[in-house]
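Right, one structure below, let's go through it.
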Amino acid sequence: MQQILNKTYDPSSFETEVYNRSEKEFELQNSNNVYSIMMPPPNITGNLHVGHALTYTLQDILVRFYRQSGYNVLWQPGTDHAGIATQMVVERKLEQEGQTTLTRDEFIEQVWKWKQQSGDIIVKQQRRLGCSACWTRSRFTMDEGMSKAVAHAFVQLFKAGLIYRDKRLVNWDYKFKTAISDLEIVNKEEKGTLWYIKYQIADNDEYITIATTRPETMFGDVAIAVNPNDDRYKSMHGMFAIIPFTDRKIPIICDEHADMGKGTGAVKITPAHDYNDFIVGKRNNLPMINIFDENIHLLKNEYVPEFLAGIFAKKARKIIVEKLKENNLLVKAEEIMHSVPYGDRSNVVIEPFLTDQWFVDAPQLAKEALSAVEQKKTCFIPEKWVNTYYEWMKNIQPWCISRQIIWGHQIPAWFGPNGEIIVEETEEKAFKQADKLGIQHTKLIRDKDVLDTWFSSGLWPIATLGWPEKTEELEKFYPTTVLITGFDIIFFWVARMMMMCMYFTGKVPFADVYIHALVRDEKGQKMSKSKGNVLDPLVLMDKYGADALRFTLSFFSVPGCDLKICEDNVKISRNFITKIWNAARFLQYNNFIFSKNIEEINPKSLLCKWLLGKAQMLQQQINDDVKNYRFDYIAKDIQVFLREIFCDFFIECSKIADTTEVKQIASYVFFEFLRISHPVIPFVTDYLVHELYESDTLTTKDSHKLMSIKINYDEIKIVDNFVNTVHKIRSNDITNYEEELKQFPDELQALHKICTIR
RNA sequence: GGUCGCGUAGCUCAGUUGGUAGAGCACCGCGUUCACAUCGCGGUUGUCACAGGUUCGAGUCCUGUCGCGACCACCA
């Protein structure tokens with residue numbers, strides 16, 4: 001027996017129950033039509049923020065739609081170990097507990113322990129949002145399978161010469177004492193000082209003045225460069241200058257790098273501490289002199305004056321400037337605005353630092369990844385993002401993948417006593433290889449470094465399907481149908497997946513890449529804790545229901561535009577869902593016959609034919625919207641149908657034309673409406689269907705008849721005209737409206753009261 | 001410096017081969033005889049940034065200008 005629905009729509013009273021009831025339906029189905037999405041694995045340190053809510057909602061809409069349409073849907077969930085981010089969190093926690101002297105292995109054990117305790121918080125939050133992923137297949141980027149895949153990939157790339165070890169300048173994060181990639185840097189525009197410093201010319205009383213923002217690097221100088229066409233310095237070519245506070249002489253050389261318009265036109269060359277100087281140094285066969293240690297303290301060596309040895313660079317700068325002033329070597333100090341690189345996690349200034357690191361030959365791997373997009377094997381939606389992708393891929397630099405941290409995939413490389421490098425998937429294989437090469441394997445030392453988090457993320461689409469084994473799943477679900485993600489990780493993740501997956505499989509990892517925008521506040525500002533404009537999806541769901549949040553995010557997902565959302569928007573969506581709720585209550589109160597299966601759908605009345613026709617058109621629209629990734633239209637079409645067609649017109653008419661046919665068709669169409677809306681608002685639709693139609697869930701395939709009903713569009717048009725006329729009569733306050741209605745068939749004329757309903 | 005995007009009602013934005021300017025919110029008026037005040041009915045609101053051009057016709061296509069934003073690079 002049906003329960004009468006509560007007077008008010010209260011999502012918190014049923015959302016959990018609905019989710020639990022349908023969860024078993026999220027697993028793989030038997031069907032030859034395959035649809036697959038790799039869920040971007042959130043960091044285990046994460047909490048669901050509104051950006052997550054957006055990306056998961058859009059993905060869930062797609063997978064629910066295709067699951068309903070009978071596809072075998074794989075939505076692959078999982079979590080990311082998030083190297084530095086996680087290590088930071090755990091370090092802080094251990095520090096608070098006073099545990100600071102752990103060994104490497106003990107620390108790793110602590111991270112795993114922490115992961116077990118708090119790593120699935122975000123997964124619970126994903127469920128709260130209604131994510132219908134294949135949870136039983138959930139993976140972690142450090143689980144056994146992923147670790148094997150990562151080691152395998154590393155070894156393969158190494159053997160192909162696409163991973164190599166090199167001494168290069170890298171971005172050095174002195175807080176974490178690790179190299180980081182170019183992408184992990186954020187540049188901040190800041191006030192700075194450009195110091196003009198005099199270097200004395202050797203064997204001469206003259207001086208040459210250079211300008212620098214980083215005087216503390218001067219002890220690593222190996223030359224001063226001037227432009228060959230610069231008349232000011234022609235007389236100095238081939239002479240030597242002396243670095244202040246030292247007696248080291250450096251040559252004055254000619255190089256195009258020196259820009260006559262900048263500074264004094266003479267520039268100090270410090271190859272070990274500046275990217276441009278590194279290139280100039282190589283070009284001119286200059287030595288590289290490192291003067292920093294890993295903490296960016298000045299080294300104690302023959303290059304650094306004794307009074308600065310062991311001092312932190314930033315502090316050394318002040319001392320040097322003072323000392324220059326005292327010695328009358330500072331010509332001037334100019335205030336300038338310049339951008340300074342910071343570590344995105346550590347928030348400390350990043351220094352170019354000369355170290356041995358592992359690199360991926362990204363320029364080589366990028367070739368295939370680039371041409372695949374050019375050939376439209378992978379399409380970006382909106383299309384404008386292909387330019388961003390091209391731009392980056394064409395200018396891609398070697399990717400530094402080694403990190404001097406603890407938490408991550410340890411690099412499968414072993415060093416021999418004489419600098420030999422052995423790269424194998426396991427220690428066992430490495431030892432065997434050592435024996436073969438005549439190296440005493442007991443003397444092998446494994447590289448302590450771990451891989452950049454994104455190295456494993458880049459393998460996510462294939463590794464989760466069992467690669468490097470040739471599994472059935474890989475055959476079936478790869479390449480995946482679409483990747484949904486934000487533009488902020490096109491480079492971090494999308495590009496890396498393209499490169500690595502294509503290299504290992506020869507196939508693109510996804511046919512489409514849908515790029516959504518950022519969620520901002522109603523003024524278009526980025527949400528941040530300090531501004532206090534952060535929307536917490538968990539709070540919103542508690543207040544208005546998960547459906548309301550999902551509907552809002554879908555509604556505002558205009559392609560290529562940022563979403564400007566405030567709490568009121570969610571409230572408005574909740575109000576719309578209330579409208580659905582109340583429509584259901586109306587049907588209930590008026591003893592409508594709840595059946596989703598009508599034996600024969602062949603109504604006689606224009607009104608019913610019209611409603612069926614409109615429902616069919618809704619289905620068609622939604623099909624198109626989903627195909628075109630127009631999530632905004634999906635929400636709008638659902639809203640317009642329910643409000644304007646079903647409630648405002650049809651239900652109002654049904655109060656006048658209260659026939660059995662009307663009741664049958666109304667309840668049938670309402671069911672179809674719930675089915676069609678389900679991907680966006682799964683909770684309320686499942687609940688209503690369960691309560692009213694005694695059907696468990698809308699999650700799985702439903703062989704609906706809607707699209708096979710024959711519709712006479714001339715008849716639809718007649719009723720459309722009638723609807724328009726009614727609106728006209730209402731707004732113009734026409735009293736003798738019967739005259740206006742005479743053009744319509746008797747059935748519609750009989751509904752004349754609709755013109756005066758207020 | 002390079003790339004891309006945006007400027008339409010007070011606000012947030014739709015406007016898909018060029019053909020009479022739309023929605024929601026806000027605002028104003030009316031309405032609580034039972035689906036719905038978490039609401040209904042109705043109304044007001046625009047030199048479509050500016051200037052040219054193509055066209056019978058431009059919010060839509062082209063060129064330029066101004067304003068805003070994002071990303072990348074450089075940063076002696």
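First the proteins, then the strands, lettered A, B, ... as listed; each starts at 1.
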Could you tell me whether [X] contacts a base, only the sugar-phosphate backbone, or nothing, with contacts defined as non-hydrogen atoms closer than 4.0 Å?
{"X": "A:Asn395", "result": "nothing"}
{"X": "A:Leu194", "result": "sugar-phosphate"}
{"X": "A:Lys384", "result": "sugar-phosphate"}
{"X": "A:Ala258", "result": "base"}
{"X": "A:Ile651", "result": "base"}
{"X": "A:Thr264", "result": "nothing"}

Original post:
Distance only, no hydrogens: is a donor on one side chain within 3.5 Å (strictly under) of an acceptor on the other, for A:Asp221 and A:Thr270?
Top reply: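 The criterion, which ignores hydrogens and geometry beyond distance, is satisfied for A:Thr270 and A:Asp221.
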Original post:
What residue among A:Asp255, A:Asp274, A:Val267 forms side chain to side chain contact (heavy atoms under 4.5 Å, CB included) with A:Val280?
Top reply: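 Per the side chain to side chain contact (heavy atoms under 4.5 Å, CB included) rule, the option paired with A:Val280 is A:Asp255, out of A:Asp255, A:Asp274, A:Val267.
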Original post:
So, is A:Asn628 near the phosphate of B:U16, with a side-chain N or O under 4.0 Å from OP1 or OP2?
Top reply: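 The answer is no; no side-chain N or O of A:Asn628 sits under 4.0 Å from OP1 or OP2.
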[X] has a side chain; which of [options] sits nearest to it?
{"X": "A:Lys7", "options": "B:C4, B:C36, B:G15", "value": "B:C36"}
{"X": "A:Thr8", "options": "B:C74, B:C41, B:U38", "value": "B:U38"}
{"X": "A:Arg574", "options": "B:A35, B:C36, B:U38", "value": "B:U38"}

**OP:** Kindly state whether the ring of A:Tyr199 and the ring of A:Tyr207 have centres lying under 6.0 angstrom apart.
**Re:**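 No, the ring centres sit 6.0 Å or more apart.
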**OP:** Using atom NZ of A:Lys636 as one end and atom P of B:A23 as the other, report the distance to the nearest whole Å.
**Re:**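 That distance rounds to 13 Å.
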**OP:** Just say parallel, tilted or perpendicular for the rings of A:Phe650 and A:Phe646, cut-offs at 30° and 60°.
**Re:**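 The rings of A:Phe650 and A:Phe646 lie parallel, inter-plane angle below 30°.
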